[in-house]
Amino acid sequence: MKIASWNVNSIRARLEPVTKWLEKSKPDILLLQELKGSEFPVDYFKTLGYESSAVTQKSYNGVAILSRHPIETISTTLNGDETDSHARFLDTLIDGIRVINIYLPNGNPVGTAKFDYKLAWMDRLSFLLADLIKKDEPGLIGGDFNVIPEDVDCHKPSSWVYDAIFQPESRSRYRAYLAMGYTDAFRSLHPEESGKFTYWDYFRKAFEYNRGARIDHFLLSPKIASRLRSCEIDTGPRAEEKPSDHTPIVIELS
DNA sequence: ATGTCGCCTCATAGGCGA
C-alpha cells in the first residue's frame, strides 16, 4: 500500500503536475493540501481511477484525499473550536486504516493571533491523536504540518529562528505527538540523513541550492508503525516547470 | 527588508497568505 502527501499550492494551477505524478507513481492514496479554491475536480480524478473526498474553501486552505479504494469520510472538521471555519482537516477510513489529512496552520507572523491559532490547533489535534492511541487504532496522520521538527530538518536554523514553523512552542507540540507513541515515518527510516526537505521557497533559487525545510510528515500510530516499509521524498515534481513550492512525500506499508 | 507564487477584487494593480 503506497500512500503519499503533497501540498500542491492550488489544485487548479497544479492539475497537470498532479496528473503526471499520479500516472508515474501510482499511489493507492494521495493526500492533498492547499487546494486554494471552492471547486474540487471530483469527476476528473474519477476518470483517472481515483475516488475523492475534499474539504474546500474559497481562496485559501483546502484538503482532499484521492484513493483507489473506497473512502468513508468520518469528519471534515477538527474538534475543539466550533468557530473554526478553515478547511484544514479531513478524517477518513480507507481499507481499515484511519487516514487523516491535515493542513496545519502556518502561524506567521509570530506574536499575532495567527500564531495563537496555530498552537491552539496543535493542541486540538493532540486530543484526537491521544484518542487514536487509546483505542489502539491503525491510523496515520499525513500532510503539511508546518513544523520543522529538529535543526537537521532545515538547511540553516539561523534563517528560521523568527518563523512560526521553527518556534519552540510549535516544535515541542510536534515532539509531544512523538512522545505519545507516534512514529515520524521519514525520520524513523532515515535517522541520520540531513538535507532532506519537502518544501523550498520560490525565492532566490532556494530549490537549486537545496535551502529548504522538512515540514510535510507522516505520523503513524503504534498499531500500524510495524507495517512501514519505506518513506521517501520525491523531489522530481519540485524541479519541473511551474511547480508547487512543496514536493510529495511517499510511504509504503506492508 | 527582500525575494516569488496564486488567489481574489471596490479587477488588468494591489493586497493577502504563504
Side-chain angles (χ1 to χ4, degrees), chain A residues 5-21 30-41 44-45 54-64 78 81 83-90 101-122 125 142-149 153-167 169-171 173-174 197-217 233 235-249:
Chain A
S5 175
W6 191 2
N7 176 323
V8 290
N9 187 18
S10 168
I11 189 62
R12 192 169 62 187
R14 229 61 68 193
L15 215 50
E16 281 189 31
V18 169
T19 302
K20 191 176 159 189
W21 192 80
L30 174 60
L31 280 50
L32 298 165
Q33 302 87 31
E34 270 212 274
L35 306 174
K36 280 189 160 179
S38 333
E39 303 292 318
F40 186 79
Y44 174 76
F45 286 114
V55 190
T56 63
Q57 175 183 342
K58 189 173 167 184
S59 299
Y60 304 119
N61 310 317
V63 290
L78 177 62
D81 183 357
T83 67
D84 184 0
S85 59
H86 290 197
R88 298 183 175 276
F89 178 87
L90 180 54
N101 183 9
I102 65 165
Y103 176 42
L104 206 148
N106 171 295
N108 279 306
V110 174
T112 68
K114 291 185 180 186
F115 189 59
D116 296 339
Y117 172 63
K118 178 192 191 115
L119 298 183
W121 207 96
M122 292 191 81
L125 183 63
D144 180 356
F145 282 68
N146 267 314
V147 176
I148 297 171
D153 295 312
C154 65
H155 67 289
K156 193 170 80 172
S158 63
S159 61
W160 294 100
V161 287
Y162 300 114
D163 200 293
I165 72 177
F166 197 73
Q167 293 310 296
E169 295 91 335
S170 314
R171 301 171 84 186
R173 281 166 175 79
Y174 184 86
F197 309 133
T198 62
Y199 160 83
W200 301 259
D201 257 359
Y202 282 123
F203 335 131
R204 292 170 294 185
K205 299 186 173 177
F207 181 68
E208 285 85 337
Y209 292 114
N210 197 29
R211 295 175 184 147
R214 192 174 71 91
I215 58 174
D216 298 87
H217 309 297
I233 297 161
T235 56
R238 187 63 179 79
E240 301 276 335
E241 292 294 306
K242 297 279 285 176
S244 165
D245 41 4
H246 296 245
T247 212
I249 174 171

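Note that the structure is a prediction, hence the values are computed from the model and not measured. Chain letters run A, B, ... following the sequence lines, proteins first, then strands; residues in each count from 1.
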S.K.: If every non-hydrogen atom of A:Arg204 is compared with every non-hydrogen atom of A:Arg211, which pair is closest and at what distance?
M.R.: O-NH1, 3.9 Å
S.K.: On DNA chain B, does the nearest nucleotide to A:Ile11 precede the nearest nucleotide to A:Lys114 from the 5' side, or the other way round? Give the residue.
M.R.: A:Ile11
S.K.: If you assign A:Gly107 and A:Lys58 each to the DNA chain B nucleotide with the nearest heavy atom, which residue ends up on the more 5' nucleotide?
M.R.: A:Lys58
S.K.: Please identify each residue that fulfils side-chain hydrogen bond (donor to acceptor under 3.5 Å, both in side chains) with A:Trp21, with sequence neighbours left out.
M.R.: A:Ser25, A:Asp234
S.K.: Looking across every strand, which nucleic acid part, if any, lies under 4.0 Å from A:Tyr103 by heavy atom: base, sugar-phosphate, or nothing?
M.R.: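 It contacts sugar-phosphate atoms only.
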S.K.: Distance check, P atoms only: B:dG6 and B:dA1, in whole angstrom units.
M.R.: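 These two P atoms come out 26 Å apart once rounded.
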S.K.: For A:Arg88, answer base if it contacts any base atom (sugar-phosphate contacts may also be present), sugar-phosphate if it contacts only those atoms, and nothing otherwise; contact means non-hydrogen atoms under 4.0 Å.
M.R.: sugar-phosphate
S.K.: Working to the nearest 0.5 Å, report the span between CG of A:Leu104 and CZ of A:Phe89.
M.R.: 11.0 Å
S.K.: Write down the distance separating the C1' atoms in B:dA11 and B:dA18, rounded off to the nearest Å.
M.R.: 22 Å
S.K.: Establish, yes or no, whether a centroid distance under 6.0 Å links the rings of A:Phe166 and A:Trp160.
M.R.: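 Between A:Phe166 and A:Trp160, the centre distance exceeds or equals 6.0 Å.
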S.K.: Going 5' to 3' along DNA chain B, between which two nucleotides do contacts with chain A fall, using a heavy-atom cut-off of 4.0 Å?
M.R.: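 With heavy atoms of chain A under 4.0 Å away, the range is B:dT2 to B:dA18.
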S.K.: Do the non-hydrogen side-chain atoms of A:Phe197 and A:Ile233 ever get within less than 4.5 Å of each other?
M.R.: no
S.K.: A:Arg14 near the nucleic acid: base, sugar-phosphate alone, or nothing, with a heavy-atom cut-off under 4.0 Å?
M.R.: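 Touches sugar-phosphate only.
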S.K.: Can you tell me, in whole Å, how much space there is between the P of B:dC10 and that of B:dG15?
M.R.: 14 Å
S.K.: Side chains of A:Asn108 and A:Lys114: closer than 4.5 Å at any heavy-atom pair?
M.R.: no
